[in-house]
> 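Pasting a structure here, questions to come.
Whatever order the structure lists ligands and atoms in, that order sets their numbers, starting from 1. Bear in mind the structure is a predicted one, so any value in this text is a computation, not a measurement.
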Amino acid sequence: MGPLQIKDILQTAPENQSVVVKGWVRTKRESKNAIFIALNDGSTINNIQAVAEPGQFSAELLLTVTTGSCLKVTGQLIASQGAGQTVEVKITDIEVYGTADPEEYPLQPKKHSLEFLREIAHLRPRTNTFSAILRIRHALAFAVHQYFNEKGFFYLHTPVITASDAEGAGEMFRVTTLDLNNLPRTEEGAINFKEDFFGREANLTVSGQLEGELGAMALSKIYTFGPTFRAENSNTTRHLAEFWMIEPEMAFFELEDNMDLAEDFVKKVITYALINCKDDLNFLQNRLTEEEKNKPQNERSLPLLEKLAFVVDNPFERLTYTQAIEILLKSKPQKEGKFQFPVTGWGIDLSSEHERYLVEKHFKKPVILTNYPREIKSFYMKLDEDGKTVRAMDVLFPGIGEIIGGSQREESYEKLLGRVKEIGIDPENLWWYLETRKFGTAPHSGFGLGFERLVQFVTGMGNIRDVIPFPRYPKSAEF
Ligand code: ATP
Ligand code: MN
C-alpha cells in the first residue's frame, strides 16, 4: 500500500535493491562529480540523499528540481559514501510531480522566524521545526488514548454545540442560523431565539466536563478529547480561541486519587514521547540550545531532554493555596515590589507570574496547588469542611503555568443547588446535571488538560500558536 516511507528506507540494509522514493526537495547541491538531492516525506526529521551523475539528466529537468518541488525518484539503495547517513539512493530516474518556482516559493533553506512561518501556515509543516512538532503532537495524542485505554477508561464524545451557558459566561462563540440582518424579535423587542435552529441560544463548548460527569455516573471512568472554544480576548502565548482539551472524569475518585492520576498521566505521556520521538526531540533541543547561545550561562534553561526527564523522575510538589499565599507573601519579588500584581492577601486569584514564581523559583519543579477559595473557583467544586475552600487542584508547570485544572465535584444535591443559585444560574438550565446528584449520586473527580500546553511543554515552544497546525486567535482564522 503506497510507497515506502523514507523513515523505513533509512533503516533498510543497502543491497543495491531498487527503491522508489517520493518526497519534497529540501536542498539540491551540485558538485563537480555529483548532484545531491535531499528528499523528505515528513515521515522523519531525516532526509534521504539521492545522488545523480553530472550529465545524467538534462539541464532543463534539473532546473525544475529546486527546494520545495515534489519528486518521484527511482534508483538503487546503496551504502552512502558521505558522512551523515548510512544509505543513499543512486538515481536512475526522476519524475517531477510538482515544481516550486524559487522566485516565489517562500521556504528557502535558511532560518525563517516563527512569526513569518505563522503567516504561511499552509506551508510551515514542510519545515523541520514544524514537522517535528506535528509528529510529537501526534505521538502525544496517541499516548493519551493508549494511557486511558489501558487504565479502563472509555472515550466519551461530548457535544461541540451546547445550550448550557453555565461555565463560560461571556467567553462563548455563538452558534446560530438566524439571519443577522433580519433578526426575529419577541414582543418585548429581544432577539427571539425560539426561531433559531435549536429553538434556544446555542454556543460552542468551553468544556466537555458537565456531560463527562454524566458519563462517569454510568461508565465509572471516562475521558473526552476534543476541540474546545473560548472567545476570551487573551492575546497571550498560552491561549488559543480553539484548542483541544483532555478531560477524564472518574466516579469514586477523591481529590487525592485525582492528583495521583493527573501526575501519573502526564508523566506517562511525556515518557512515551521521550521513547518514541527521539530524533524530533533532539532536533528541537538543538534548536533551543542554538537560540539560547547568546544568553549568559545562568539564564539558560535546562536542555529540553533533561527538562522532560526531570519532570518524569521527580514527584510533583503538592501544597494548598493557603500555603502558597504564605510563600508568595514572604517572597523576594513581593517584598521588592517586582510582581506586576502584588499579592494582597488570602483570597486573590493567582496570576501566572505568581504561579511561575512558585514553580520556577521556589520549588523548581511542577506543583499541584489545592483547596482554593470557593469564590475564585467553579460552582461544581466540592466544598471543604471549613466552607471557605473547595477541593480544587491546579497543576502548574515550568514555563507554562497552569497546564491542568481539576477538582473533586460536589456530589450533594442540596449543596450543589445552593451554589448554582448563589452564582445566579437558573437551575432549570441545568436540570439534567442536577439530576445526577438526585439519582444515585457518587463521589467523583476529574480534570482538564490543555493539550496544546502539553505539546508546548514537550516541544519547548514558547508560543502556543506554534504547536497546533492552524491556530485560531483574535483576528486570525486565515487557514
Ligand atoms: P487560564 O487561567 O490559563 O486561562 P483556565 O483556568 O481558564 O486557564 P480551565 O478552564 O481550568 O483553564 O481549563 C483547563 C485547561 O485547559 C487549562 O489548565 C489549560 O491547560 C487549558 N486552557 C484553558 N484555556 C485555554 C486556552 N484559551 N487555550 C489553550 N488552552 C487553554
Ligand atoms: Mn482561561
> Is the cationic atom of K307 (NZ for Lys, CZ for Arg) positioned less than 6.0 Å from the six-membered ring centroid of F457 and within 45 degrees of its normal?
yes
> Using a 4.0 Å heavy-atom cut-off, which part of I464 comes near ligand 1: side chain, backbone, both, or neither?
side chain
> Could you name the option among I468, I376, V467, I403 that has the heavy atom nearest to atom 20 (O) of ligand 1?
I403
> Please check if the side chain of E247 supplies one atom and the backbone of G212 the other of a donor-acceptor pair under 3.5 Å.
no
> Could you list the atoms of ligand 1 found under 4.0 angstrom from a heavy atom of G450?
15 (C), 16 (O), 20 (O), 21 (C)
> Give a yes/no verdict on whether any heavy atom in R238 is under 4.0 Å from an atom of ligand 1.
yes
> With backbone taken as N, CA, C and O and side chain as the heavy atoms from C-beta onward, which portion of T228 lies under 4.0 Å from ligand 1: side chain, backbone, both, or neither?
neither
> Do the side chains of L350 and L369 get nearer than 4.5 Å, heavy atoms only?
yes
> Under 4.0 Å from any heavy atom of I404, which atoms of ligand 1 are there?
18 (O)
> Give me the ring orientation class for F148 and F153: parallel if the planes are under 30° apart, tilted from 30 to 60°, perpendicular past 60°.
tilted
> Counting only heavy atoms not in F197, do more than 12 sit closer than 6.0 Å to its CZ atom?
no
> Could you say whether the N/O atoms of L240 and ligand 1 ever approach to under 3.5 Å?
yes
> Name all pairs fulfilling the side chain to side chain donor-acceptor pair (under 3.5 Å) condition that reach into residues 249-258, sequence neighbours left out, sorted by first residue then second.
E249-R409
> List, one per line, each side-chain donor-acceptor pair under 3.5 Å for residues 472-479, sequence neighbours excluded.
| unit_1 | atom_1 | unit_2 | atom_2 | d |
| --- | --- | --- | --- | --- |
| R472 | NH1 | F479 | O | 3.3 |
| R472 | NH2 | F479 | O | 2.5 |

> Pairing donors with acceptors under 3.5 angstrom, does anything connect the side chains of T389 and D384?
yes
> Got an N/O contact under 3.5 Å between L449 and ligand 1?
no
> Considering only heavy atoms, does H239 approach ligand 1 within less than 4.0 Å through its side chain, its backbone, both, or neither?
both
> Distance under 4.0 Å to a non-hydrogen atom of G448: what atoms of ligand 1 satisfy this?
14 (C), 15 (C)
> Between the candidates E232, E355, R230, Q209, which shows the shortest non-hydrogen contact distance to atom 27 (N) of ligand 1?
E232
